[in-house]
Structures are given as structure tokens and as C-alpha cells.
Amino acid sequence: MSKHFFGDTTVLLGRSLRHISRSPDTIVTTAIMPIAMMLMFVYVFGGAIRTGSDSYVNYMLPGILLITVASGIAYTAYRLFMDMKGGIFERFQSMPTARSSVLWAHVLTSLVANLVSLVVVMLVALLMGFRSSAGLSAWLSVAGILILFTLALTWIAVIPGLSAKTMEGASAFSYPLIFLPFLSSAFVPTDTMPTVVRVFAENQPVTSIVNAVRALFAEQPVGNDIWIALGWCVGILVVAYVFAMNTYRRKIS
């Protein structure tokens with residue numbers, strides 16, 4: 001059964017990746033907005049923002065990476081919605097394929113597409129002056145956190161992708177996720193914020209993730225931030241996965 005599932009998922013993943021390769025504008029579009037934000041914050045606002053860091057692009061890059069993922073998963077919800085409306089799920093369910101392989105193919109496609117977008121944003125950041133003396137283990141830790149974060153948001157995206165009534169509704173859920181880094185330590189230190197905003201910013205998942213990634217890039221002590229970040233990512237991933245699978249079972253039953 002497991003072999004059947006993995007084989008079916010691999011075939012369907014290839015199908016989804018071929019669709020993306022024929023429409024690379026989705027990846028480019030996903031990367032354009034974070035890159036535009038990075039350019040604006042570094043070259044327009046960066047000189048007026050005091051963060052205690054010698055390089056503002058180094059300070060704000062972790063937040064931009066999270067925004068890249070948040071904007072990319074809107075396409076995951078869109079692709080799921082289009083497949084649901086087009087009857088693709090029913091067509092595959094009538095064939096001898098593993099029931100969840102179609103869904104997992106979309107999730108893995110989202111992971112691959114978002115990783116490509118993250119690499120594009122990182123390359124632009126390097127051109128803008130981003131530098132890190134982090135070793136291999138730190139880079140692998142950053143990659144692991146970003147992969148967990150991407151999977152967590154992707155499973156959230158699955159829910160509206162399967163249940164939305166309109167194409168706009170399927171992708172609009174990502175807007176609050178894109179906005180969330182602005183209420184965190186991604187662009188300014190939280191101690192500069194009003195009390196109510198600061199309390200929220202310091203206790204939401206983006207701040208701990210941003211702080212952990214920033215410390216890893218700078219080879220500074222990570223402290224509890226990495227464990228809090230991992231706890232948020234794993235917790236969101238598990239809850240979103242349960243809700244997404246329940247939604248999927250209802251839709252194909």
C-alpha cells in the first residue's frame with residue numbers, strides 16, 4: 001500500500017511540476033512582491049530605521065523570506081481549487097490510485113515551487129549586500145525551519161483550496177499571512193512598538209521564527225527562539241494537516 005501511495009504521488013507530482021514549468025510566471029510573480037518590498041525597505045526606508053544592525057538587508061531578510069512563502073501558497077490554494085472545479089480529483093479517484101496521493105502531490109509541488117522562489121529572493125538579497133558568515137549547520141537549520149514553515153502554511157492553504165466557492169476566495173486567505181510579518185520583529189525591533197502591539201508581536205509565531213533565522217545567519221546564540229519557532233511550525237502543521245485531511249475526506253466521499 002505504501003509503495004502504491006509513493007508511486008502514485010511521484011507520478012502526480014511530476015504532472016503538477018510540468019504544469020508549473022509551462023507557466024513559470026507563477027514563481028516569478030511570487031518572488032516579485034517580496035523583492036519589491038526588499039528594495040523599498042532597504043533603499044527607501046532603511047536609512048531611517050534603527051535596528052542596531054550594520055546592514056538593514058541582513059536584519060529584514062528573514063521576514064522577507066516568510067512573506068515569500070506566504071505569497072506563494074496562494075497559488076497552491078488556486079491550483080487545488082481549479083482541480084476541484086475541473087473534476088480532476090473525481091477522475092483520479094475513479095482510477096486505481098491512492099486516495100490521498102493527489103493531495104500530497106499538490107503539497108509537494110507547493111514545497112518545490114516555494115523553495116525555488118526563496119532561492120530567487122536570496123540571490124537578489126546577495127546582490128543587495130546580504131552577507132552571512134554562518135556555517136553549513138546554520139544554513140541547514142535555516143533551510144529546515146523554512147521547509148517546516150512552508151509545509152505548515154501549505155496545509156493551511158489546502159483547506160480554502162478544497163472548500164472555497166470562488167477562485168478569489170481560495171487565494172484571498174493568504175493576505176493576512178502576508179501582513180503578519182509587519183506586526184513582528186521582521187522590520188523593526190519590537191521594543192519600539194506601542195505596548196499592545198508589542199505584546200502581540202512578541203507572542204506570535206513570525207517573531208520567533210524571524211529571530212531564530214536572523215540569529216542563525218549572524219552566528220549568534222539562538223536561545224529559546226529556535227525551539228519556540230519549531231514548536232509553532234510543528235503545531236500549526238499538525239493542526240492544519242488534520243483539518244485539511246478532514247476537509248479532503250468530506251469532499252471526495
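As a basis for the values below, the full set of heavy atoms in this structure was taken, side chains included, without hydrogen atoms, waters or symmetry mates.
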Are [X] and [Y] close enough that some pair of their side-chain heavy atoms sits under 4.5 Å apart?
X	Y	value
P194	V197	yes
L103	L80	yes
N203	V199	yes
P62	I209	no
T68	M33	no
P34	S71	yes
V57	R131	no
V121	I35	yes

Let me confirm one number: the [atom1]-[atom2] distance from [X] to [Y], rounded to the nearest 0.5 Å.
X	Y	atom1	atom2	result
R79	S110	CZ	OG	6.5 Å
L126	L61	CG	CG	8.5 Å
E219	S137	CD	OG	8.0 Å
F81	L162	CZ	CG	11.0 Å
L146	L111	CG	CG	10.5 Å
L136	S141	CG	OG	9.0 Å

Those residues that, when tested against L180, pass side-chain contact (heavy atoms from CB on, under 4.5 Å) (two or more places apart)
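Residues passing side-chain contact (heavy atoms from CB on, under 4.5 Å) with L180: F200, Q204, V206.
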Set out, in order, the CA-CA distance, both residues' side-chain angles and the distance that settles side-chain contact (heavy atoms from CB on, under 4.5 Å) for I156 and I73, then state yes or no.
CA-CA 9 Å; I156 293 177; I73 60 167; 5.6 Å; no
S55/F130 under side-chain contact (heavy atoms from CB on, under 4.5 Å): CA gap, chis, key distance, verdict:
CA-CA 8 Å; S55 172; F130 170 75; over 6 Å; no
How close do [X] and [Y] get, counting heavy atoms only, and between which atoms?
X	Y	value
I159	A240	CD1-O, 4.1 Å
A212	A229	CB-CB, 4.3 Å
C233	A152	O-CB, 3.8 Å
A138	L216	CB-O, 3.7 Å
G72	N114	CA-OD1, 3.4 Å
V210	S185	CG1-OG, 3.9 Å

State whether the number of non-hydrogen atoms from other residues, nucleotides or ligands found under 6.0 Å of [X] atom [atom1] is greater than 12.
X	atom1	value
N224	CG	no
F243	CZ	no
F41	CZ	yes

Same apolar cluster: [X] and [Y], side chain cutoff 4.5 Å:
X	Y	answer
V158	V238	yes
V239	W104	no
V44	M60	yes
L140	F149	no
L39	L66	yes

Can you list the steps and then say if T195 with R198 is a side-chain contact (heavy atoms from CB on, under 4.5 Å)?
CA-CA 5 Å; T195 302; R198 184 177 70 248; 4.0 Å; yes
I'd like to know if the side chain of [X] reaches the main chain of [Y], judged simply by a donor and an acceptor atom lying under 3.5 Å from each other, with no hydrogens or angles considered.
X	Y	answer
Y56	F187	yes
R214	Y59	yes
T76	T154	no

Side chain to side chain donor-acceptor pair (under 3.5 Å) between N211 and T207: does it pass, once the steps are laid out?
CA-CA 6 Å; N211 289 345; T207 291; 5.7 Å; no
Mind checking ring-ring contact (aromatic ring centres under 6.0 Å, His included) for Y241 and listing every partner two or more places apart, or none if nothing turns up?
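For Y241, the residues satisfying ring-ring contact (aromatic ring centres under 6.0 Å, His included) (neighbours in sequence not counted) are W155.
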Can you name the ring-ring contact (aromatic ring centres under 6.0 Å, His included) partners of W139, sequence neighbours left out?
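ring-ring contact (aromatic ring centres under 6.0 Å, His included) list for W139, sorted by chain: F217.
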